[in-house]
Amino acid sequence: MIRARTLRFRMMALFVVIVAVLLASSDFAFYLLLSHSVRAQLDRQLLVAAAPVARDIAAELNSHDVSELDAPDEYFQLLDGLGHVLQRSRNLHDTDLRMALHSADLTDPLFQDFTDPQLGSLRIALIPIPLKPLLLRIGMPTRDSEQVLGNFRAMGLVLLCLSLLATAGVSALYVGRSLAPINDLTRNAAETSSRVAHADARALWTPLIVRHPADELGRLAETFNNLFVRVDRALRQLRQFVSDASHELRTPLSVLQGETELVLSMPRGTDEYQATLRVIDGELKKLTHIVEGLFTLAMADAGELRINREPLYLNEVLEDACALVEARAKARRISIRRDLAEGVSFVGDEAFLHQLFLIFLDNAIKYSSPDTQITVTLATEPGFVQVKFQDQGFGISSEHRKHVFERFYRVVQAGAVEAGSGGLGLAIAQAIASAHEGTIECQSTIGVGSLFSVILPRTVRSKSSFEDRQRATR
Ligand code: ADP
């Protein structure tokens, strides 16, 4: 906050200084122009006042007696070629209008300032009389023009101060409003940092109010809002994932602990040890399954799910997966019907695809009643292949359907065989399909059954690479 304030004052001071320099220099230039034109105007007045007198002297010296002149604020002197005063107007009394410069062979009028203790400041013109060795000197007070210039100076100063005050006010308002989003951003960032430090469960980021979405600061605020919404979501997912994972691991671990404690509490017979070891083995398999699943998902999240792009026949991989679950399905009197297109070449990771198909087959067996059928279909379409797993099982309600691909999401199904993956199966299937740039669709009706369709885009490979591989495997 202190920094923002300092920046605000610095920006204000900069505005005020710039405006002060600009206004002062334009005022000064205007003042110079005005004083020059006021002076030129006074010089013109001197010439106008002197013209009839000079004309008369030029016509006839004695016809006009300069010493007779007595006009207010107009002082005259007639000089000879050496600068000696021949006549002076009556209002001059004994005062002499002296000039630093004068010359007998003057052709143009000469102007100078002069200050006299009695007459005050005067502007003087020395005008040569045409065709005569005489000079007419005329003086007029500069009082009026000084007053105009003085008024201008005073007004300029007042206006300058008022303009600077207005600039300071406007800039304070403008800079304050401009910096407001940055202040909000700083405050939010500080709150976020404190929430992270104190593991506060509230939303990480209080969205900034974007007043002007089109300007730079508005875009910055929106970018931060979007960024933190994502970070917040990712953090929540991570927390949820860690808590779900520890919850899932806790159950088999406590079973293991209970079983071992029980069996060790007193000497047992071989049968009892064997029975306990079977339970332990089952729980260890579950643990391994969960840990492997978590590892696959963690790799997928980090974008490090290494997919081997190798040429394979998808119908073969699917056939292998069906064969693997056949016995388990038979044990539950569930038949698996295959409708697989032949020689469906594909480029992908055989092990992962095998795992993908097993997940759907496993689920179809787990969530179906005995004496039902699972239909596996493999069809090729232009540019992609479609694998369908249709069962006549319990089905999934629409409320749960949108969540079944989430990690650890499970729907408790009456009659279902105990789950092995602990709610990770479909999340892993999704990760594997995505790694192959594929998608999964789910349709389901409660009491009728479910249909999972995997759509995998086909990468075209030369036929020979498949034939080479086929020859090598034979
Ligand atoms: P798990 O099977 O270990 O519970 P999954 O991620 O594979 O985990 O499945 C999530 C949930 O989706 C299951 O708990 C189940 O309720 C539902 N489900 C998945 N496949 C089917 C299916 N074929 N029929 C009915 N429900 C299913």
Side-chain angles (χ1 to χ4, degrees), residues 237 240-241 244-252 255 282-298 300-301 318 321-322 324-326 328-329 332-338 352-377 386-435 438-454:
Q237 275 174 0
Q240 188 65 39
F241 187 62
D244 289 343
S246 46
H247 177 77
E248 288 303 318
L249 293 173
R250 208 181 298 143
T251 317
V255 173
E283 292 304 316
L284 281 176
K285 278 192 182 124
K286 266 189 208 168
L287 272 178
T288 313
H289 206 71
I290 293 174
V291 171
E292 274 172 0
L294 286 175
F295 183 70
T296 308
L297 288 173
D301 284 348
L318 209 44
C322 289
L324 203 70
V325 296
E326 189 89 70
R328 211 168 342 132
R332 301 202 64 218
R333 299 199 308 279
I334 295 171
S335 61
I336 302 178
R337 196 170 76 81
R338 290 105 153 149
F352 275 127
L353 289 169
H354 192 258
Q355 188 182 353
L356 172 73
F357 300 148
L358 273 181
I359 289 168
F360 293 110
L361 289 167
D362 261 346
N363 281 350
I365 296 169
K366 275 191 301 193
Y367 304 115
S368 293
S369 310
D371 301 315
T372 54
Q373 181 177 276
I374 299 169
T375 309
V376 183
T377 318
Q386 193 167 31
V387 193
K388 290 183 184 169
F389 301 89
Q390 175 132 40
D391 62 49
Q392 299 167 337
F394 313 130
I396 312 164
S397 70
S398 60
E399 169 206 348
H400 292 302
R401 210 179 309 140
K402 50 184 180 281
H403 296 294
V404 288
F405 290 94
E406 289 170 14
R407 289 152 198 207
F408 299 111
Y409 192 88
R410 274 181 303 188
V411 190
V412 181
Q413 313 258 22
V417 174
E418 175 56 35
S421 65
L424 289 179
L426 290 181
I428 294 171
Q430 181 86 282
I432 296 173
S434 298
T439 53
I440 303 173
E441 285 167 10
C442 170
Q443 293 165 22
S444 191
T445 313
I446 288 282
V448 176
S450 309
L451 169 66
F452 285 88
S453 309
V454 185

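These numbers come from the heavy atoms of this one structure, side chains and all, not from hydrogens, waters or symmetry mates. Since this is a predicted model, take the numbers as computed values, not measurements. Read the numbers this way: they start at 1 and go in the same order the structure lists the ligands and their atoms.
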Quiz item: Based purely on interatomic distance, does Asp391 place a nitrogen or oxygen under 3.5 Å from a nitrogen or oxygen of ligand 1?
Solution: yes
Quiz item: So is Gly423 in contact with ligand 1, going by heavy-atom distances below 4.0 Å?
Solution: yes
Quiz item: Relative to atom 2 (O) of ligand 1, which among Phe389, Tyr367, Phe360, Phe452 owns the nearest non-hydrogen atom?
Solution: Tyr367
Practice problem: Could you say whether the N/O atoms of Gly395 and ligand 1 ever approach to under 3.5 Å? | Solution: no
Quiz item: Hey, which of Thr377, Val376, Leu356 is the one that makes side chain to side chain contact (heavy atoms under 4.5 Å, CB included) with Leu318?
Solution: Val376
Quiz item: Is Ile396 touching ligand 1 with its side chain, its backbone, both, or neither, if touching means heavy atoms under 4.0 Å apart?
Solution: side chain
Quiz item: When the ring planes of Phe452 and Phe405 are compared, do they come out parallel, tilted or perpendicular, using 30° and 60° as the limits?
Solution: perpendicular
Quiz prompt | N/O donor-acceptor pair under 3.5 Å between Ser368 side chain and Ala364 backbone | solution = yes
Practice problem: Answer side chain, backbone, both or neither: which part of Lys366 comes under 4.0 Å from ligand 1, heavy atoms only. | Solution: side chain
Self-check item: Arg332 (side chain) donor-acceptor with Ile365 (main chain) under 3.5 angstrom
Solution: yes
Self-check item: Main-chain N/O of Ser444 paired to Arg401 side chain as donor or acceptor, under 3.5 Å
Solution: yes
Quiz item: What are the atoms of ligand 1, with element, lying closer than 4.0 Å to any heavy atom of Arg410?
Solution: 4 (O), 14 (O)
Quiz prompt | For Gly425, atoms of ligand 1 separated by under 4.0 Å from a heavy atom | solution = 5 (P), 6 (O), 7 (O), 8 (O)
Exercise. Report, in ascending order of atom number, the atoms of ligand 1 lying under 4.0 Å from any heavy atom of Val411.
Key: 14 (O), 16 (O)
Quiz item: What atoms of ligand 1 come closer than 4.0 angstrom to any heavy atom of Ser450?
Solution: 22 (C), 24 (N), 25 (C)
Quiz item: Would you call Ile446 and Phe394 a side-chain contact if the rule is heavy atoms closer than 4.5 Å?
Solution: no
Exercise. Check whether any side-chain N or O of Gln443 sits under 3.5 Å from a backbone N or O of Leu451 as a donor-acceptor pair, and report yes or no.
Key: no
Quiz item: N/O of Tyr409 under 3.5 Å from N/O of ligand 1, yes or no?
Solution: no
Quiz item: Counting heavy atoms not belonging to His403, are there more than 12 under 6.0 Å from its NE2?
Solution: yes
